[in-house]
Amino acid sequence: MTYNIMRIAKIKDAKQMADTAGHNFRLRSQPNIDNSKSEQNRILWNNLNMNTTKRAGFSEAFQKLYTDLGVAVRKNSVLACEIVVSASPEFFSTKLDEDVDIWAQNQVDFMKKQFGDNCRVAVLHKDEKTPHLHFLISTEEKTSKTFKNRHQTSVKALWQLNAKRWNPDFLKALHTAHAAHNEHHGLIRGQGKAGTVHKPLKQYYKELADKEKALN
């Protein structure tokens, strides 16, 4: 069986932003990257027109976005959520390059439909053994506040950062919807188990690399 894969992590500070940009835009070297294939990577979506040539590109773009909206960024705010999408290594073993591109665009379509304008970045990596995409989702949402005085009542639109909806129920539903979206690719959803602990992305990458090494 070939499985649909999705991993999610919250980004809470500028350092995490810089680390994410360094990896996604290949601004740092890693032993599991085949540099001869890095030119095959693609930025499929970037609606903030962020600078992809420096590690501060993510944080600068998000800072401008939130400043322009008048968002108050607090110390414990979740600045963005990163979603990594892939599939079992076996899924890609028989795929042509154009097949991978079609699969990748399908993932972008899903994320844009799911998150709308909050879907800010989509990067396709083909220079690791298993193709995958990184999505960056901003967490701002529009709310309203009512102001009253003796003469009138007014409603003002406000923006705030809110990642409260990214709770276990939301993530489970997102996994299910994403797997259903990919059924036509022959991918299925893995079955969650009670007590399962969410793994950090670094641990996921290590386990995926170990699995790929075992298959070779």
Side-chain angles (χ1 to χ4, degrees), residues 1-12 16 20 23-24 42-47 77-95 98-126 128-143 160-212 215:
M1 293 184 178
T2 52
Y3 291 97
N4 192 67
I5 294 174
M6 174 187 286
R7 306 300 299 172
I8 300 169
K10 294 178 180 179
I11 300 175
K12 297 183 177 181
Q16 284 182 290
T20 301
H23 175 80
N24 291 2
R42 296 287 183 271
I43 298 173
L44 303 179
W45 187 247
N46 178 9
N47 70 357
S77 293
V78 175
L79 302 176
C81 290
E82 183 184 22
I83 302 177
V84 179
V85 170
S86 189
S88 301
E90 299 88 344
F91 171 72
F92 297 102
S93 62
T94 59
K95 295 291 184 291
E98 51 263 38
D99 297 326
V100 176
D101 289 341
I102 292 172
W103 167 82
Q105 186 57 52
N106 285 168
Q107 311 317 302
V108 176
D109 293 342
F110 173 85
M111 294 297 173
K112 289 168 67 174
K113 182 177 180 180
Q114 183 75 32
F115 296 105
D117 288 340
N118 289 72
C119 180
R120 298 300 181 180
V121 179
V123 181
L124 171 63
H125 286 164
K126 293 184 178 181
E128 297 177 51
K129 288 191 175 180
T130 302
H132 58 275
L133 293 108
H134 293 262
F135 292 92
L136 213 62
I137 311 297
S138 58
T139 58
E140 81 281 2
E141 67 174 16
K142 195 173 186 178
T143 60
Q160 63 180 8
L161 301 187
N162 184 8
K164 290 182 179 179
R165 71 163 173 164
W166 295 73
N167 56 47
D169 288 338
F170 172 80
L171 297 179
K172 182 178 179 180
L174 182 63
H175 276 267
T176 299
H178 185 244
H181 178 79
N182 283 304
E183 284 180 351
H184 70 286
H185 288 296
L187 297 170
I188 63 172
R189 190 195 195 287
Q191 296 302 310
K193 298 180 181 179
T196 299
V197 177
H198 181 77
K199 298 175 183 176
L201 285 175
K202 287 185 178 179
Q203 184 178 348
Y204 161 71
Y205 285 137
K206 182 180 183 303
E207 292 180 358
L208 182 60
D210 290 343
K211 183 175 181 181
E212 291 171 342
L215 291 173

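The figures here come from the full heavy-atom set of this structure, side chains too, leaving out hydrogens, waters and symmetry mates.
Leu133 CG to Met6 CE: the interatomic distance, rounded to the nearest 0.5 Å, is 11.0 Å. Rounding to the nearest 0.5 Å gives a distance of 4.0 Å between OG1 of Thr139 and CG of Leu161. Remark: Asn118 CG to Met111 CE distance equals 13.0 Å, nearest 0.5 Å. Expressed to the nearest 0.5 Å, how far CD1 of Ile83 lies from CD of Gln114 amounts to 8.0 Å.
Using a 4.5 Å heavy-atom threshold, the side chains of Ile8 and Leu174 count as touching. Contact check for Val85 versus His132: no side-chain heavy atoms found under the 4.5 Å cut-off. Taking the side chain as every heavy atom from C-beta outward, Lys126 and Val100 approach each other to under 4.5 Å. Val121 is listed as a side-chain neighbour of Val123, based on a closest heavy-atom distance under 4.5 Å.
A cation-pi arrangement is found for Lys95 relative to Phe91, the charged atom lying closer than 6.0 Å to the ring centre and inside a 45° cone about the ring normal.
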Determine, stepwise, if the pair Leu136 / Ile11 fulfils side chain to side chain contact (heavy atoms under 4.5 Å, CB included). CA-CA 9 Å; Leu136 213 62; Ile11 300 175; 3.6 Å; yes

So Asn106 and His184, side chain to side chain contact (heavy atoms under 4.5 Å, CB included) or not? Walk me through it. CA-CA 11 Å; Asn106 285 168; His184 70 286; 3.3 Å; yes

Can you list the steps and then say if Leu171 with Asp169 is a side chain to side chain contact (heavy atoms under 4.5 Å, CB included)? CA-CA 5 Å; Leu171 297 179; Asp169 288 338; over 6 Å; no

Please test Lys142 against Gln160 for side chain to side chain contact (heavy atoms under 4.5 Å, CB included), starting from the C-alpha separation and ending with a verdict. CA-CA 7 Å; Lys142 195 173 186 178; Gln160 63 180 8; over 6 Å; no

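Judged by distance alone, the side chains of Asp101 and Gln105 never bring a donor and an acceptor atom under 3.5 Å apart. No side-chain donor-acceptor contact under 3.5 Å links His185 and Asn4.
Asn24 places no side-chain N or O within donor-acceptor distance of the main-chain N or O of His134, the cut-off being under 3.5 Å. Side chain of Arg120 to backbone of Asp117: a donor-acceptor contact under 3.5 angstrom is found. A donor-acceptor pair is defined here as one N or O able to donate and one able to accept, closer than 3.5 Å; no such pair exists between the side chain of Thr2 and the backbone of Ile188.
The heavy-atom pair separating Ile137 from Cys119 by the smallest distance is CD1-CA, 3.8 Å. Residues Ser88 and Ile5 share a closest heavy-atom pair of N-CD1, 3.8 Å. Nearest heavy atoms, Pro131 versus Ser86: O-OG, 2.9 Å. Among all heavy-atom pairs drawn from Lys10 and Gln16, the shortest one is O-NE2, 3.5 Å. Smallest separation of non-hydrogen atoms from Leu44 and Ala104: CD1-CB, 4.0 Å.
Ion pairing between a basic and an acidic side chain is recognised when a charged N comes within 4.0 Å of a carboxylate O; Glu141 and Lys164 show no such pairing.
Ring to ring, Phe110 and Trp103 are not that close: their centroids are 6.0 angstrom or more apart. Remark: aromatic rings of Trp45 and Phe135 are distant, center separation not under 6.0 Å.
The side chain to side chain donor-acceptor pair (under 3.5 Å) with Gln107 is formed by just one residue from the set His181, His178, Lys112; it is His178.
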